[in-house]
Visitor: 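Just dropping this structure here.
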Amino acid sequence: MQNAPLLLKFPILPSLFPFSSLSLPSPTPPSIPFLTSVVHSSVLRKRFCFKAMPSAGGGDDLVNGGAFSGFSLTESSFLASLMPKKEIAADRFIEANPEFDGRGVLIAIFDSGVDPAAAGLQVTSDGKPKILDILDCTGSGDVDTSKVVKADEDGCIIGASGASLVINSSWKNPSGEWHVGCKFVYELFTDTLTSRLKKERKKDWDEKNQEEIAKAVKVLDEFDQKHTKVEDPNLKRIREDLQYRIDILKKQADCYDDKGPVIDAVVWHDGEVWRVALDTQSLEDEPTSGKLANFVPLTNYKIERKFGVFSKLDACTFVVNVYDEGNILSIVTDCSPHGTHVAGIATAFHPKEPLLNGVAPGAQLISCKIGDTRLGSMETGTGLTRALIAAVEHKCDLINMSYGEPTLLPDYGRFVDLVNEAVNKYRLIFVSSAGNSGPALNTVGAPGGTSSSIIGVGAYVSPSMAAGAHCVVEAPSEGLEYTWSSRGPTADGDLGVCISAPGAAVAPVPTWTLQRRMLMNGTSMASPSACGGIALLISAMKAENITVSPYLVRKALENTTIPVGCLPEDKLSTGQGLMQVDKAYEYIRKSQNVPYVWYKVKINQSGKLSPTTRGIYLREASACRQLSEWTVQIEPQFHEDANNLEELVPFEECIALHSSEKTVVTVPDYLLLTHNGRSFNVVVDPSNLSDGLHYYELYGIDCKAPWRGPLFRIPVTITKPVVVVDRPPIVSFSRMSFLPGHIERRFIEIPRGSSWVEATIQTTGFDTTRKFFIDTVQILPLKRPLKWESVVTFSSPASKSFCFPVVGGQTMELAIAQFWSSGIGSRESSLVDFELTFHGVSTNKDEIVFDGSEAPVRIDAEALLASEKLTPAAILDKIKVPYRPCEAKLCTLPTDRDRLPCGKQILSLTLTYKFKLEDGAEVKPTIPLFNDRIYDNKFESQFYMISDTNKRIYAMGDAYPKFKKLPKGEYNLQLHIRHEDVQCLEKMKQLVVFIERKLEDKDTIKLNFFSQPDGPMIGNSAYKSSVLVPGKKEAFYIGPPPKDKFPKNSPQGSVLLGAISYAKLGIVSSSKESSRKMPAYYQISFVVPPTKPEEDKGKGSSPALTKTISERLIEEVRDVKIKFLSSLKPESDEEFSEWKKLCSSLKSEYPNYTPLLSKVLEGLISQRNIEDRSCHDEEVIDAANEVVDSIDRDELARYFALKNDPEDEDVEKIKKKMEATRDQLAEALYQKGLVLAEIESLKSKVESTSTLVREDAKDVGKSEDSFEENFKELRKWVDVKSSKFGTLAVLREKRCGRLGTALKVVNDVIENGGEPPKKKLYELKLSLLEEIGWSHLVSYEKQWMHVRFPSGLPLF
C-alpha cells in the first residue's frame, strides 16, 4: 500500500503554524494500511543549550551562549525582523561591502512562478532589470495555436472560441497569417483567485437572474389576473409554459457552476519577433473593454520584459512565450503566492524601505515555474527537467527550489542525475528546502534533504523573528530550529540537512492577492534566505575574480557556521549550523589556491557489496548490539572541465582522520588521497552505549592546511532502542518535562507480532494552552519512511488516545515536541506521560489473493504478545480493470525547452486507452510502474488526461492519481511519458494501465469466514470470532465473493480490491472524535475468472434452416448488396448521382424491403454540401414515407401487445427482428419530423414573428398538419422525450410558441440521457434562450459549450 506524500504536493510550508497569514493546502497524512511504525529509544536529556547569533541589539559577539536578557525591539529592528538578514550576517556583509550585494549573480527560482509586478521585483540595487525571464516549465499555461487563419476584408478573423475578432490595423504581419487559440482563464488562476472571482461573478449573475425571475413572475401574475378560470387546454398550456420559465430560472440559480470565461489568443510574426494579443472581453463588465484590437501586443518575456494584466477585477499578472514557430503559446501565471514570496526573500529591492530588502537585492533572477496549475501546484517531472534546461541555458549561478517530498531511494532518479550534471559540469549551486515534516528524524524530503549535490536547508527562528514577524508575547531567549523543520539522517545515513537559515519572512506576494506582502514560514523560506546569502558570496567572488565552484562554496558554508544547540545530535536538525556570510567569504578568499574538489563518500559494510551508503546508520536493535566494520571509499570529484595534467595528476593530499568519539568509532590516523580515490576501514562499536540517540562524525583534515576544516564528514548515527520485555507489552514514559521547542525522542524495538499500537498521552502541570507534535517513524528497505503524525492541543491538563499501525521487529522513533511558540510567556513547564500498548494478530499471509476459483483461502492466525479477540472482517469495495493502449504515438518534442544541455532532444510517448462506464462512478487510473514517484523515478513524466467522446476533459493527474467522479459513458485516457532514450519508450508501447473504480455501497461485497473448507459451497460452518492465546495458532477460511455479487463491468482479468482486518481496537473514545478505524489492515484481492461460456448455438429448429439453399443464397446476396450500399460515402455530385441509381436499382429489385429503404434514408441524411435544400428535404420526406409505408404497423402493434416466451430461441429471433423494424419506423418518422420542422422554420423566417406567446394566438397543434400527424405517429412507438428523439419534442413546443416548455423538455432530455449529450441538443437549448431573451443564461451556456465540446484536447 502506498505511503501518501506528506505536504509534498505543495510548496514546502509548515502545516500547522498558528501565525502564518497564508493559508495553503497542507493535508494531514492519512492513516495508511500496513503503515508500520518503528520506535526508537533515546536518552532522557533536556536540550536548552542553544547557541545562536543575536538578531537585534548587542553587537557581533555572543553573550552567554547567545542568550538575551530583557530582549526588546525598536521600530527599525522590528522591520528588520520581518526580512531577517542579521541572523546570517548578510546585513554586516553588505554594510562592509556595498558592491557585493548580489550584483552580477543570476538565480533561477524553481517554484510556483514569480509575479513581475510584485513589490521589490522590478529592478536591482544597481538599476538593472530584476527578472530576466519568466517560464512556465509545466505546460499548464500552454495554448494550442497551430490553427492559422486569414483576416477578411474588414480586418476580422474568427478566433478559436468562434468569436469574431477585429485585428488592429497597426499591427505588422507580413505573412498575413494569424495563429489562433483559446483558453479557459480559470485554468491559469490559482484556486484562491478563482474562488474570489467566482463570488464576484456569481453576485452579478444572481442580480441579472433575479431580475428575469421578477419579470417572469409579473407576466404570470398578469395572466392569472386576466384568466381567473383556466379551463381551455390551450390556455392551460400557455400558463404551464409561463410557470416553466420561472422554474427554469430558479433551478438555474441552484445549479449555477461557473467554469469561467474563455479568452482568445492570437499569435503572429511581425517580421522580427513573435507577437501575442489576447481578447479578454469576457472578463470585463464594460462591453468596450478587453477587446483584442486594444491589447498592447507582447512578445517572449526575455526579449522586452513586459507583462500584462487580465482585468482590474482579477489583478493577475501574466507574461507570454511563443514556441514551435507560433504553434504553441505559453501564458505564464503563478499557481501560488509561494514563488513570488521566495523570490522576494532572496532578491527583493525596496529603495525606500531598505530594511525590507531581500538578502541579495542586487541579484537578478529567472522564474522557472515547476508547480503545475492543473494539479493545484504540485511539481511534475516535465517541469523539473525543463527548469534545469532553462537554468543552464541562461547560465545561472544559483538555483533555489523550495519544493519536495519523501522519497523511496535517496540520491536517486532522473532529476538527481540532471542536477549532478548541472552542478559538476556547469557549476550551478543548487539550494533547496529540507522539508517541513519534523520533528522526527528521517523526515528530510527529496531533493533538498536527500541529494548529495544539493545544499539542503533547515528552518531557524531567532528571538527577533519570533518577537517581530510572529508577534509572540515573549520571545525565546535563544534561537532554535522550528519544530516542524525536517530532520536527518537520510535512509542511507547522510546528514540530510546541510545548514540552517531563517525560516520565516514578510515578503512580496503577487498582485492578485490584493496585498503587497505576507508572512510565510517554512523551510521554503529558509532556502531562499540561504540562497540569497550565497548570492552575496558569488557576487564578491566575481568582483574579485575568484573562480566560482559549488564545491568551494559549500565547503565554506559548512565550515563557518554557528552551531545551533550544544549536543552532537543537534546536527541532525540544524545541519552544520546557522550559515554566516561574512565568515564564509573569509574562508573562500583564503581557499583560492586549493583544489576545487568535492569528496564523494561511498560506504559498504565489510563483506557486502550492497547497499552503498553515504553515512553509517545503525538503527535496528541487532545492529546496535555488536561491533561492525565498514569500508569507506573517498573519491575526489573535480568539475568536468578540470585539466588532467594541471589539476588531476598533481592532486595529492595527506589527510588526518578523526573521530568525534574514538571509543565508539575507530578510524585510521592518516590517509594519502589522490585523484583516483582511496578506501579505509572504520570500526563502530555501539555495544556499550545507553539506549537512545547517539551521533558521531568521522572527518578528514588537510594536514598541510588544517584551517580548511573538515574536507569531508561521515555521519555515524546510532539509535539504540529499548526492548519491550513486559507482558502484556506496555511501555510508559513518565513525567517528561517540556518547554517551548523542546523535543523528547524515544526509540523502541517493536515486539515481533505487533501490528498496531494503542497510545495515550496525559498532560499535567501547566497553565496556558499547549500544542504538541507527536510523530512516529519507521524505516523499511525500499520504502518511504513510514510516518504517523498527530498534532494535539491541550487547553488544560487532560489525556488523549491514539492508535496507529506498526511493523514488528523494527525500531520505531517516538518524537514528542512542544511547539516552539506554544507556552511562550508562561513560566511553567509541561509534564507529559506517554503510554504505548502493543497489539497484534499475526497471520501466514500479509496479502490475500484469490485466484478466481471457488476455493476459499486458509488463514493461520496467532497472537504472539497477549490474548487478542480474533474478529476477522473483510470487504471488497473497489475494482480495477487492466487496459492495453489502443494507440501509441512516439515523437520528438519540437521545442528548445525540451532539448537537454548535452544537445539531446527529449522524446515523448503518448499512449491512448479506451474504457467505458456503464454507470457513473469514481475512478482513477493507476500506473504501477510510475505512480507515487517523482524524484526517485528515471522517467520524466507520467501526466494523464481523461476525456469523453466530445473531448471534454474530466480529470488530469501525474504521479499521484486521484479519484474523480465520472458520469456514464465512453472515455479516453491519454498517458504522456518523456525520455531521451527511444529504446526505453519503445518498451512501453504496450504499458498496462488499470482503471480503478470505487464500488457503490450497494455493490460492495462483504466476505464470509468459515471453519471448514467446504463452507463456501455448502453454506454452513460460519466462523465468527474467538480469543487468540499466545502460543496457540488458530485457522479459518475466507470464502471468495459469490459470482452473483460481481459488480457490473467486471471483465476477465479485472481485480476486486478491498481490505481485511483481524481484530478490533481496545480504545473506546468518549469524546466527539470520529470513530476510530482499525489501523492494521491488509489488502485483499480477487482476480475475476473467465465468464460462463455461451451455450452451443443452433440447437433445435431455426427458420433459416427451413429455407432452401436457393432462398438463402438470394437473401445473402441481398444483404451483401445492402451492406455495400451503406458503406458508400458519396462526396461529389457525380458519385451521388451514381449512388441514387444504385438505390433505384436495388429498390426495384427488392421492393418494400424495409432494411434497404432505411439505408437509403440514412444515405440521404448523411449527404453533405447540399445546394438545393428544398429539393433535398422533399427527397428525405419521400424516403421516410417509403420506409413507413413498407411496414405493416398493425402487425407490429399486435406483436408488441403480446407477451412472448424469452427462453424460446425462435421467439427471441422474431423479437429482435420486430424491434429492428420498430426502430427503423421510428427513425424514419423522426427524420421526417426534423425535415418538416426545418421547412416550416425556413418559411417562418420570411414572415415577421414574435418571441412572446400571444394569448390570442392559435394553437398550431390544433390543426392536423403534417408535422403534428407525424409526431403523434412517432409517439405511439417510442418515448419522444428520450435523448434520441427528444429534439423533435422540443421543436414541437417551439413551433407552438411555448418556449418555456420547449426549454424544460430539452433540459429533461439532456439530464435523463445517461450519456454525453449531443452538441445539437445544447445548440437547440442555446437558441431557445436567445429567443426568450435571457442574455445572462446565453452567456453562461456559451461558456459551457466550450467545456462540453472543446475543439480539441489540450496540450500536455
Side-chain angles (χ1 to χ4, degrees), residues 31-42 440 619-622 624 691-692 719-734 736 744-762 774-780 785-790 799-816 832-844 846 860-872 1026-1034 1060-1069 1076-1082:
S31 296
I32 302 163
F34 309 88
L35 178 62
T36 56
S37 313
V38 193
V39 188
H40 324 342
S41 70
S42 82
R619 183 178 176 92
E620 305 307 326
S622 58
C624 295
D691 295 336
T719 57
K720 197 167 186 179
V722 297
V723 179
V724 182
V725 295
D726 295 341
R727 292 295 182 269
I730 298 176
V731 175
S732 297
F733 304 107
S734 302
M736 294 181 287
E744 288 286 346
R745 304 184 190 278
R746 300 292 183 268
F747 299 86
I748 308 165
E749 182 185 14
I750 302 297
R752 293 190 180 276
S754 298
S755 47
W756 81 93
V757 170
E758 296 179 7
T760 301
I761 182 173
Q762 174 73 53
I774 305 172
D775 289 358
T776 66
V777 173
Q778 287 185 285
I779 305 299
L780 299 175
L786 302 181
K787 184 184 180 189
W788 173 86
E789 63 181 15
S790 180
S799 65
K800 289 192 177 182
S801 298
F802 320 92
C803 55
F804 49 88
V806 293
V807 169
Q810 300 288 320
T811 297
M812 181 186 81
E813 176 192 2
L814 168 66
I816 306 172
V832 171
D833 295 331
F834 203 93
E835 182 178 275
L836 302 96
T837 304
F838 298 92
H839 297 268
V841 174
S842 299
T843 66
N844 60 329
D846 290 336
D860 296 337
E862 62 179 330
L864 299 179
L865 304 174
S867 296
E868 299 282 357
K869 186 173 182 180
L870 180 62
T871 55
S1026 69
V1027 176
L1028 292 175
V1029 179
K1032 183 179 179 181
K1033 288 187 178 182
E1034 184 156 334
I1060 182 170
S1061 62
Y1062 298 102
K1064 292 183 179 180
L1065 291 176
I1067 293 178
V1068 178
S1069 175
R1076 291 186 174 88
K1077 295 182 179 179
M1078 165 55 66
Y1081 57 95
Y1082 308 90

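All residue numbers in this chain count up from 1 along the given sequence. Since we're looking at a predicted model, the values are computed, not measured.
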Visitor: Parallel, tilted or perpendicular for Phe802 and Phe834, by the 30°/60° rule?
Guide: parallel

Visitor: Only counting residues at least two apart or in another chain, list the ones meeting side-chain contact (heavy atoms from CB on, under 4.5 Å) with Ala861.
Guide: Val841, Thr843, Leu870, Leu1028, Phe1036

Visitor: With sequence neighbours left out, write down each residue that passes side-chain contact (heavy atoms from CB on, under 4.5 Å) with Pro1030, or none if nothing qualifies.
Guide: Ser867

Visitor: Would you check if Ile750 and Gln810 make a side-chain contact, meaning some heavy-atom pair closer than 4.5 Å?
Guide: no

Visitor: Would a distance-only check, ignoring hydrogens and angles, find a side-chain to backbone donor-acceptor pair under 3.5 Å from Asn844 to Asp860?
Guide: yes

Visitor: May I ask you to test the Leu786-Leu780 pair for a side-chain heavy-atom distance under 4.5 Å?
Guide: yes

Visitor: Side chain to side chain contact (heavy atoms under 4.5 Å, CB included) with Leu864: which of Pro751, Ser754, Ser842, Pro729?
Guide: Ser842

Visitor: Under the rule for side-chain contact (heavy atoms from CB on, under 4.5 Å), what residues qualify as partners of Lys1033, not counting sequence neighbours?
Guide: Glu862

Visitor: Under the rule for side chain to side chain donor-acceptor pair (under 3.5 Å), what residues qualify as partners of Asp833, not counting sequence neighbours?
Guide: none

Visitor: Please list, chain by chain and in numerical order, all residues satisfying side chain to side chain donor-acceptor pair (under 3.5 Å) with Glu835, sequence neighbours excluded.
Guide: Ser732

Visitor: Looking just at side-chain N and O atoms, do Thr776 and Glu813 make a donor-acceptor pair shorter than 3.5 Å?
Guide: no

Visitor: Given side chains that start at C-beta, do those of Phe733 and Leu836 come closer than 4.5 Å, heavy atoms only?
Guide: yes

